Student: 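Okay, here's the structure, questions in a sec.
Computed from a predicted structure; not experimentally measured. Residue numbering restarts at 1 for every chain, and letters A, B, ... go by the order of the sequence lines.
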Amino acid sequence: MLLYLLVALLASWLAPYDPLEISGSPCESPGPDHLFGTNDFGQDLFSMLLLGSRATLLFGFLGACISAGLGTGLGVFSGFLGGRTDRVISGTLDVLMTIPQLPLLLVLSIYLRPGLYLLCGVMGLLGSLTQARIIRAKVLSLSTENFVYAAKGLGLSDFHIMFRYILPSVFPLTFVKFLFGAQHYMLLGVGLSFLGLGDPEIVDWGQMLHQVYSGGGFALGLWNWFLPPCFAMVGLSFSLSLLGYSLEPWLSPQLRHEKQAFFECD
Amino acid sequence: MELIEIKSLKVTFPTEAGLVRSVDCVDLQLGAREKLGLIGETGSGKSVLAHATLRLLQPDALCEGEILYQGRNLLDCTPTELRRLRGRELALIPQNPSRALNPLQTVGKQLFETLRQAGYSKKEAVAKMPELLRSVGAIDPDSWAKAYPHECSGGMCERIVIALSLAFSPSLLLADEPTKGLDSLNRARIITLLGEVTENRALLFITHDLEAAALLCTRLALMYAGELVELGDKAAVFENPLHPYTRGLLFALPARGMQPIPGRSPPLTALPDGCRFHSRCPEAIARCRSQHPPLFDTGNGHFCRCWLYV
Amino acid sequence: MNLKSFKFRILKENSLQPVRSWFCLLFILGLFLPACILPAGASVIPGDSSGDTCVSDEELASSILSYMEYSYLGKEEPHLSAEELSLAAHNFRHIPYGRVVIPVSSEGDFITPNIWYKMGVPTGSLIYEGLVTRNRDGNYDSWLAESWNSSKDAKVWTFRLKEAKWQDGEPVSSEDVKFTHDYLKDKKLKLAFVLNSVERVECPDARTAIFYLENPDPTFPDRLSHSPGIAIFPKHIWENVENPASYDEYASGDTHFIGSGPFRYKAAERGQYFLLEANEAYHGDSPYVKEVALKLIPDASSRLFALQSGEIDVLPEITPVEAEKLKGKDNIKVYNIPDATGYEIAFNCELFPTNDPLFRQALSHAVNRENASNTLGNAEPTETVFLLPDLAHDFVNPDCIRKYDYDIEKTRAIFKASDNFSVDSDGKVRYKNGDQIHLKIPLGGKAHMNRADEKILNAIKMDWEDKLGFDVEFEVVPKDIYLEEIGESPIFIDGMPGTMHDDVEDLNNFYRSPAGSNYYHYDNPKYNRLMEELKNTTDRDKRKEIGYRMQAVLAEDVPTIPVCSTGTLVAYRTDRFTGWESVMPLQAGILDKKVFLNIKPVSSQAS
Amino acid sequence: MVLEIGNRYILRRFFSGLLAFLLSITLTFFLLRSLPGDYMTDLLLEIGRYAPPELVASFKHEVGLDLPLPEQYLLYLTGILKGNWGHSFEYGLPVFSLIREKLYWTLVLLLPSSLLSAGLGMGFGAYSGWKNGSKTDAFLLHSLVFVGAVPSYCWGFAGLFIFSFRLGLLPFGGYVSLPGTEPAGLFRHALLPVLTLTLCSVPGIYYLMRNSMLDTLGEDYILAARARGFSESRILFQHALPNSILPVLTMTSLHCAHMLAGSVFIETIFAWPGLGLLTYSALETHDLPLLQGIFLVDTLLIIIANLTADLLYPLIDPRIRSRIRGE
């Protein structure tokens, strides 16, 4: 994970060529000049891979940030304030959630002719709906807990309780969802570019895959062209989800009572 | 011969925070038809003890010592043997009765299954069900049988759970905090009920409710931080409490002035040297801090773990 | 309170060793590895049971020879099996045999006569036919029309039809021609614009159709034959179709796709395949192949797989890289159909700095066409001519060829001589006031296949930046506003539309009518006058002469710099059918009647 | 049974579904119309410089693009209610019948694969949760996390490459072979895409199920059942499984509806002429009415899946049932 982040940050120093520059002849085999060879355009694949990590990571993390942030905010508000606010928000969520995400994204990416950020925003927005639901459920169960009553009893303001008491309690959940979200959005972003719907000016792995695929590199067995972005993506996605899965039991309340019953800690 | 004999039982759980010593060298005997109250505050290891007796702990829990049931060590039994013993011989009335019932099945269905498990034929089971429900105080057994667990009140659930455990007519009943979370009226009813149903059985009554224990039991055992600290006849314990902890508990009763014990019980992962109660003990002496006291026999079957009774 | 319970929340996942997860990974990959290492097993060609394998004429001849030797001289046994001999006989006697499978990338590519929304019946349709068809020599081949001629003023065109039959047995008559015209116009179909200039169609007899035009049009057959071309429809079927917009031919029972072409509809599964069979009652020579199957394979990689495994027999429109890699494979051959599609660097003759003819001339010398073509892989450099010599033949003014060859020194010389520019000692060109020359070139997003325009520009950019000191910048513009964008850009790259440069008529591109404009914002009164003259001239030699003069004007003004013309790369399996390269279709890829009339099954020696 | 759940509940669910549907209609309509770049510009690019303006105008008129926006919207709405979803620009056929036909083929893929993935995911998940901490559990968990981390199209390629190209065992895609070629039935054609779809949706369900199983195993009634001496298999099948499947079931129905959208990749790779491929080609050609139709169908399917889950839930969970009755 860290390695990926590091590569993304240092990409411009590490990359030997400008990824869009034509630095060699088309379809060179891997060699000392071009570590992974070149594509049909003569662009250096190694540089593309390195710099592509940026857009891909950005896509995943930005989307996840938006969805986690917005979802948590909405969920906390709706769950904690309850009453009419809650009914309005959760009703809207219910309705909005039935809108299929991928088709909407596909349509939008065609018609918004999007920058990366816009797509991220839309994705995050859609993702925040589910997130908000989960957080709301959690907050609802939290607000019946004694410490919240106690805080209310102390006469603390709603906002104070929300920020000081509720937010820290839901944070672990948010974080886990953030990790899964990052993985999900990354794959989604790569998928969109793979369909050829991404921003043509930004190099990312999905676009690289798209080029290989539509350029016939896959069917013709040009492994040096096809495998690096594939492995990079799978590796990143795998490590993200492993991280999420191993953190989830630690942070989510779901599996808590397994042993708690015996220790009866209050 | 005693019905069940627990000999220097140790239960530990490995956790990342260290070894949790839930039950530490506990010795207990229980005769047939004897009613023992096991008293202690939350986290003192009462429930673990009960679950250990039925071998219901997590596979990673380590049990040492011996639990002899009619001379047979339960810790050496195979799973199949254990299964035969559970319910038939040793029955558990679990905590939180409302959560101890499968929410997707009606009470009647669960009772029926249990009766079938106890060896009744289908017809017998159907016939036996209302009888059993009536025996735990149901006035309208049919409507009880049709109800889902979430539709039952706390007292009702408790009764149903008791009925389930009685389906086998076991010789030992382990009741894990049956009065927890009930209002005083229901509490009294449940205690009376438990008294009735255990007339011919042994009962291990786990509670932090001293009064309930006093009503139901002949002997009392007090646990603190995984250890037995006092064991004796009901009258002896109530009238002549030996251990400062017992005294503290008694004084915390509403009838006796409601004076709480200061401080908290130590974490089970980092137990203090010496007496485990010393930090909260008003009568602690220097020795309490350094040396762990054994269980002293003060005569008349009254035991106490305190350096005051050397 | 939560913190404390955290401590006790131990879960078993945490005790799993991370090493094990890598083990799992390796295990899964390991499952697939053997399959990757195993040799490809799909080299067996499917469908031999239905008798696809055939022998060529030469093989037939040699086998007959050896058979004779065996019979009469008692020599060795003949090489060919009875089956192979019979197949050879099929070829020899011109009896349709075998099935050729072609992939199409979208359902729209099936030969459906969906004349409402689509561009109409492709001229390459195997089922439907037009009146005439254009060939590569700049002339026309007869199709449904046996002969044709025009009146002196080129306003009346008479077509004499062949004695042909619709595939359901009805005779083709001039009424059908008239009906097609009327139908297109009545129903306001998209294709109607092709026939805009036609006033009416008359049918003096069953085999004569006369088109009366509003204006003289010496190139009327050109109009009818391509871009996109008009196919003739059977009146007796289509007159019952009220609303072509929702007419679904798949669902129309017995009247499926009735045309007059060499192949007829046999079977189809919507979205899967379209199967045609040879029309034995065809008015021309019937084809050698019995069946043509169009198979939907939307995915480029799958198409390549299918070719390599023998699922399909030919794969048109592959990229140069694919062509390069396919060349080494067994049983696969790649050839290029030189195409009428090309690329040019176009100028806006009204915007600064391209409004200066000197600037345009100078840049014409600074385009390394050789280099640009090489980056494409399937392109031929075209010199400064505004008609493609391959197609327009003697209409190309020989004086204009090689007028602007690649020579940076000449560029510098022109700039040096200009009042508006200066050239410094390094050979860098500046405006007179010393400013750098900045050029912003829009790129059509992903609109263009293989990003050919980008490749060309990249090749040229290096020269312009390094040698001339320009600042060249590309701006990727979305497809749908590209047209607007290039209207405001002084310099842009343009794909020359297919078959637009094959006739002097096409020089109309540079003509500025009193009302309208043109792509290049080019306006030369002399040229406009010539164009008007050309439009009213029907005599071929005279037209040629006017064309020469027009080209001379253009060569002087350079509203555009043709760079290269590209071809369509086609790969085919050598072990299945032969004769692909004998006919080079003019457009529409290989889905051309003439191609399919020529290919023959071959024998596969391996089997 | 329906009456028992309560008409009000059904009505409310239904109403919220309807609202969502209307919302998505409105959203797509205005979104697509108000954004720059419509079909006409693409069309003009296609025709090139030939098309005279009057043809363009008549085309616009024919399609209704020249009316004011609210009027177009009203027309569209009433049209949809009447089953007239417009004409596809590209195919020239009514969108509704086009989608209906494609939907059939998508369902041919989707139904078996959703059943398979639900079965496999729940089976593996339950097993993994039941045997929590064992080697099998660890193996399943890690393998499936890996499977889930690889995007669906990668699995699609892998399958195509290995089974169709390298081994030549399965056909290359599509649902029928050309007549007269090797006898490959629908089963052999559908095998790879179904398996790929299944492979990609199993991990999600698996993980849900495993968690849910772990949750349930921590419940007191499992302990109580053990204390009563029930056999392990009985505890699993009577207590643990029914209770842990409940929360997964609703998620699974939604999951399957979302698989529909995910089939865009799979169908393109395997030349399966379903909704996914239709979406892809509609995207490529900017076929506005078709896109809207597909989007509506997707929404509709998700709403139906939601409704099914909502109605199914009270049928199997008595707690929900009585809560609804209480309302």
Student: In terms of heavy-atom proximity below 4.5 Å to chain D, should Glu113(B) be classed as side chain, backbone, both, or neither?
Tutor: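 Both backbone and side chain of Glu113(B) come within 4.5 Å of chain D.
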Student: Where is the tightest heavy-atom contact between Leu223(D) and Leu56(B), given as atom of each residue plus distance?
Tutor: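 For Leu223(D) versus Leu56(B), the nearest heavy atoms are CD1-O, 3.9 Å.
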Student: Does Tyr221(D) reach the side chain of Arg99(B), with side-chain heavy atoms less than 4.5 Å apart?
Tutor: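 They are not in contact (no side-chain heavy atoms under 4.5 Å apart), so the answer is no.
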Student: What is the minimum heavy-atom distance between Arg86(B) and Arg226(D), and which atoms define it?
Tutor: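 Here Arg86(B) and Arg226(D) meet closest at CD-O, 3.1 Å.
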Student: Could you grab the distance from atom CG of Leu104(B) to atom CD1 of Ile245(D), nearest 0.5 Å is fine?
Tutor: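 It comes to 10.5 Å.
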Student: State, to 0.1 Å, how close His239(D) and Asn102(B) come at their nearest heavy-atom pair, and which atoms those are.
Tutor: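 In this case the closest contact between His239(D) and Asn102(B) is ND1-ND2, 2.9 Å.
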Student: Taking side chain as everything from C-beta outward and backbone as N, CA, C, O, which of these in Leu54(B) sits under 4.5 Å from a heavy atom of chain D? Side chain, backbone, both or neither.
Tutor: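 It is the side chain, since no backbone atom gets that close.
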Student: With only heavy atoms counted, which part of Ile222(D) is less than 4.5 Å from chain B, the side chain, the backbone, both or neither?
Tutor: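 It is neither, since no heavy atom gets under 4.5 Å.
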Student: Given a strict heavy-atom distance threshold of 4.5 Å, which part of Leu90(B) is in contact with chain D: side chain, backbone, both, or neither?
Tutor: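 The backbone, not the side chain.
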Student: Determine the minimum heavy-atom distance between Ala224(D) and Pro94(B), stating which atoms define it.
Tutor: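 Here Ala224(D) and Pro94(B) meet closest at CB-CG, 3.9 Å.
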Student: Rounded to the nearest 0.5 Å, what separation is found between the CZ atom of Arg228(D) and the CZ atom of Arg83(B)?
Tutor: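 The CZ atom of Arg228(D) sits 14.0 Å away from the CZ atom of Arg83(B).
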Student: Taking all non-hydrogen atoms of both residues into account, name the closest pair between Asp220(D) and Gln95(B) and its distance.
Tutor: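 Closest approach of Asp220(D) to Gln95(B), heavy atoms only: OD2-O, 3.7 Å.
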Student: Pro103(B) versus chain D, heavy atoms under 4.5 Å apart: side chain, backbone, both or neither?
Tutor: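 Contact with chain D is through both the backbone and side chain of Pro103(B).
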Student: Should we count CZ of Arg116(B) as having more than 12 external heavy atoms under 6.0 Å?
Tutor: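 Yes - once you tally the heavy atoms of other residues, nucleotides and ligands closer than 6.0 Å, there are more than 12.
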